[in-house]
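Letters go in sequence order (proteins before strands), and every chain restarts at 1. Keep in mind that the numbers below use all heavy atoms, side chains included, and drop hydrogens, waters and symmetry copies.
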Amino acid sequence: MPELPEVETVVRELNKKLKGRLVKVVVVNSPKMVGVGPATLSPKRQIEVEKVKRFIGTIKGKEFVSVTRRAKLLIFNLSGSWSMLVHLKMTGQFIFEDAKLQERTQGFYRLLNKPHAPLVKMPSKHTHVVFKFTDGSVLYFNDVRKFGYMKLVHDKEMGQVRELQEFGPEPLNKNFTELCFFTAVKKHNRRQIKEILMDNKVVAGIGNIYSDEILFHARVRPNRKAVGIKNYELSNIYKYIKPVLLKGIQAKGSSVGDFVRTDGSVGQMGKYHFVYGKRGRKCKKCGTIIESIKVGGRTGSYCPSCQK
DNA sequence: TATATTGTTACACC
DNA sequence: TGGTGTAACAATAT
């Protein structure tokens, strides 16, 4: 489940690997996942031949200049004033294969973080878009659930991209101050704290995994309403946001579900999870059995002894 | 075959 | 108007 640290991992790896590469061939296997223009791709995305042609036509011959991120959205800056916005949603993956990796893997990858996951040959049945570069290297975009998307936007239309408008501050930036966090939380007095942490308008990029982990370290249960949270507890939550996310980036992400790095390897953050996905297991700190509850329709896990 | 999964948005209601 | 709560949606694995 790519959240900020997973997306950041992919951004850093791709930025390094794609910089300066020239697109020679684009293959679109799932037309519904691509778009051109700032508009939201509608749920009833039609299979439009023209749209696919424009997508391919626009990106062919362009150079990848840099890769950046806003919240969980990847932004590929292309030559000619175009950007490609990519959301991985639940199960999106990028695999970048150059001659060296091709030689090592022969094109086969174990793309699930399970001991007996089968080796998969790229492109697989879940590969929806392929970019081939002039030097022979290849970028694969995979998505088992097909919830993700890729959309090309001209820079002069970037202001009209809705999903970029309302994001709150980036938690790793200096402008994400304790005051700004307190103010944002107190606007949502009646909501549960886990929901608030996962609200991208309050703070960008935090999802189910990292909200659980942050709340564990801050010793606050996920279902507490904001109004009942003491200032020192809120202060603790703020205090742990940055280090937990940084730890995730340092470990190259959590390979929960389908997340893999751009060479197909798994992130190591799962080793450091205290509560996420640990229901029924013993708390690493106190041995109490981890419990889970529904918060805003999502599963939140917590230690009933460590978290109050 | 019913269910669970998550990020995001839509919508009704107060 | 805007906070709140709920549901819907995407598609697949199990």
Side-chain angles (χ1 to χ4, degrees), chain A residues 1-8 10 29-35 38-47 69-74 85-93 110-118 120 124-129 141-151 161-168 171 183-213 222-228 248 253-259 270 273 276-280 292-301:
Chain A
M1 260 58 74
E3 298 176 29
L4 186 151
E6 288 74 32
V7 177
E8 182 65 23
V10 171
N29 297 323
S30 298
K32 62 153 278 181
M33 301 186 67
V34 305
T40 307
L41 274 68
S42 87
K44 299 266 180 287
R45 293 173 252 183
Q46 300 289 314
I47 296 175
R69 177 188 63 75
R70 179 72 171 109
K72 299 168 196 169
L73 197 64
L74 291 108
L85 306 183
V86 181
H87 205 302
L88 300 174
K89 295 288 178 91
M90 282 176 74
T91 53
Q93 300 173 330
R110 189 165 277 118
L111 293 177
L112 279 174
N113 189 17
K114 289 180 190 163
H116 302 298
V120 178
S124 75
K125 65 172 173 176
H126 298 307
T127 301
H128 305 300
V129 184
F141 175 56
N142 308 325
D143 190 346
V144 170
R145 293 281 191 281
K146 292 192 190 176
F147 294 173
Y149 63 83
M150 287 190 149
K151 138 171 117 173
V161 177
R162 242 234 327 254
E163 56 267 49
L164 279 171
Q165 313 254 313
E166 294 184 321
F167 285 139
T183 312
V185 170
K186 284 177 194 298
K187 264 206 294 202
H188 301 275
N189 253 334
R190 323 201 66 84
R191 293 177 77 190
Q192 294 164 299
I193 187 62
K194 179 179 169 70
E195 266 189 285
I196 299 175
L197 283 179
M198 293 196 296
D199 184 340
N200 279 278
K201 291 173 193 150
V202 173
V203 46
I206 299 176
N208 212 1
I209 300 173
Y210 292 90
S211 57
D212 269 7
E213 294 301 311
N223 60 341
R224 292 266 300 279
K225 297 227 169 169
V227 67
S254 298
S255 280
V256 171
D258 293 43
F259 177 75
H273 287 171
Y276 179 84
K278 303 283 185 198
R279 179 178 58 188
S292 74
I293 37 158
K294 288 281 178 195
V295 174
R298 304 289 174 241
T299 303
S301 302

**Student:** Can you tell me which nucleotide in B/dA10, B/dT6, B/dT8 comes closest to the side chain of A/Lys72?
**Tutor:**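 Of the candidates, B/dT8 comes closest.
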**Student:** State whether the distance check finds a donor on one side and an acceptor on the other, under 3.5 Å, for side chain A/Arg298 versus base B/dT8.
**Tutor:**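 A donor-acceptor contact between them is present.
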**Student:** For the side chain of A/Lys125, counting heavy atoms from C-beta on, which of C/dA13, B/dT9, B/dT6 is nearest?
**Tutor:**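 Selected nucleotide: C/dA13.
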**Student:** Can you tell which of C/dT6, C/dG3, B/dG7 lies closest to the side chain of A/His87?
**Tutor:**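 When the side chain of A/His87 is considered, B/dG7 is the closest of C/dT6, C/dG3, B/dG7.
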**Student:** Please give, in whole Å, the distance from B/dA4 P to A/Lys89 NZ?
**Tutor:**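 Answer to the nearest Å: 21 Å.
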**Student:** I want to verify a distance call: between B/dG7, C/dT12, B/dT6, whose nearest atom is closest to the A/Tyr276 side chain?
**Tutor:**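 Nearest nucleotide to the side chain: B/dT6.
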**Student:** How close or far is atom C1' of B/dT9 from atom OH of A/Tyr149, stated in whole angstroms?
**Tutor:**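 Computing the A/Tyr149:OH to B/dT9:C1' distance gives 12 Å.
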**Student:** Check for a donor-acceptor pair, side chain of A/Arg70 on one end and backbone N or O of A/Phe167 on the other, with a separation under 3.5 Å.
**Tutor:**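 The answer is yes, because a donor-acceptor pair under 3.5 Å joins these two groups.
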**Student:** Can you name the closest pair of heavy atoms from A/Gly248 and A/Pro5 and give their distance?
**Tutor:**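 Taking A/Gly248 first and A/Pro5 second, the nearest heavy atoms are C-CB, 3.7 Å.
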**Student:** For the side chain of A/Glu3 and the backbone of A/Asn208, is there at least one donor-acceptor N/O pair under 3.5 Å apart?
**Tutor:**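 Here the side-chain-to-backbone pair exists.
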**Student:** Below 4.0 angstrom from OP1 or OP2 of B/dT6, is there any side-chain N or O of A/Lys146?
**Tutor:**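 Answer is no, no contact under 4.0 Å.
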**Student:** May I ask you to decide if A/Ala71's main-chain N or O and A/Arg69's side chain share a donor-acceptor pair within less than 3.5 Å?
**Tutor:**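 Yes; judged by distance alone, with no hydrogens or angles, the pair exists.
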**Student:** Between A/Val144 and A/Lys187, which residue's closest nucleotide on DNA chain C lies nearer the 5′ terminus?
**Tutor:**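 Comparing both residues, the 5'-ward one is A/Lys187.
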**Student:** For a quick check of understanding: with a heavy-atom distance under 4.0 Å over all strands, which category does A/Asn189 fall into, base, sugar-phosphate or nothing?
**Tutor:**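 Here A/Asn189 touches the backbone only, sparing every base.
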**Student:** Could you work out which one of C/dT6, B/dG7, C/dG3 sits closest to the side chain of A/Glu3?
**Tutor:**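 In terms of side-chain proximity for A/Glu3, the closest of C/dT6, B/dG7, C/dG3 is B/dG7.
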**Student:** Could you tell me whether the side chain of A/Ser30 and the main chain of A/Lys32 form a donor-acceptor pair under 3.5 Å?
**Tutor:**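 Judged by distance alone, no pair lies under 3.5 Å.
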**Student:** Quick one: label A/Lys294 by what it contacts on the DNA or RNA (base, sugar-phosphate, nothing), any heavy atom closer than 4.0 Å.
**Tutor:**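 Contact class for A/Lys294: sugar-phosphate only.
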**Student:** Report the distance from atom CG of A/Asn200 to atom C1' of B/dG7, rounded to the nearest whole Å.
**Tutor:**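 Answer to the nearest Å: 8 Å.
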**Student:** Given B/dT8, C/dA11, B/dT5, identify the nucleotide with an atom nearest to the side chain of A/Lys32.
**Tutor:**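 Of B/dT8, C/dA11, B/dT5, C/dA11 is nearest to the side chain of A/Lys32.
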**Student:** Whole angstrom is fine here: how far is it from CG in A/Asp258 over to C1' in C/dA11?
**Tutor:**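 It works out to 12 Å between those atoms.
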**Student:** Rounded off to whole Å, could you give me the CZ-to-P distance for the A/Phe167 and B/dG7 pair?
**Tutor:**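 Atom-to-atom, A/Phe167 to B/dG7, this comes out as 12 Å.
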**Student:** Nearest of B/dT9, C/dG5, C/dA11 to any side-chain atom of A/Glu163?
**Tutor:**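 From the listed options, B/dT9 comes nearest.
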**Student:** Please give, in whole Å, the distance from B/dG7 P to A/Glu166 CD?
**Tutor:**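 Taking atom P of B/dG7 as the reference, CD of A/Glu166 is at 18 Å.
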**Student:** Can you identify which nucleotide, out of C/dA11, C/dG5, B/dG7, has its nearest atom closest to the A/Arg145 side chain?
**Tutor:**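 Of the candidates, C/dA11 comes closest.
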**Student:** A/Thr91 pairs by side-chain hydrogen bond (donor to acceptor under 3.5 Å, both in side chains) with which of A/Asp258, A/Asp143, A/Asn142?
**Tutor:**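 Only one of A/Asp258, A/Asp143, A/Asn142 forms a side-chain hydrogen bond (donor to acceptor under 3.5 Å, both in side chains) with A/Thr91, namely A/Asp143.
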**Student:** Between C/dT4, B/dT6, C/dG5, which one does the side chain of A/Lys225 approach most closely?
**Tutor:**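 In terms of side-chain proximity for A/Lys225, the closest of C/dT4, B/dT6, C/dG5 is C/dG5.
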**Student:** OP1, OP2 of C/dA13 versus side-chain N and O of A/His126: anything below 4.0 Å?
**Tutor:**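 It does, given that an N or O in the side chain of A/His126 lies less than 4.0 Å from OP1 or OP2 of C/dA13.
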**Student:** Starting at atom CD of A/Glu195, determine the distance to atom P of B/dT8, rounded to an integer number of angstrom.
**Tutor:**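 Distance, rounded to whole Å: 15 Å.
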**Student:** Counting just side-chain N and O atoms, does A/Thr91 come under 4.0 Å of either OP1 or OP2 of B/dT6?
**Tutor:**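 The answer is no; no side-chain N or O of A/Thr91 sits under 4.0 Å from OP1 or OP2.
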**Student:** In whole angstrom, what separates A/Asp199's CG from C/dG2's P?
**Tutor:**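 These atoms are roughly 15 Å apart.
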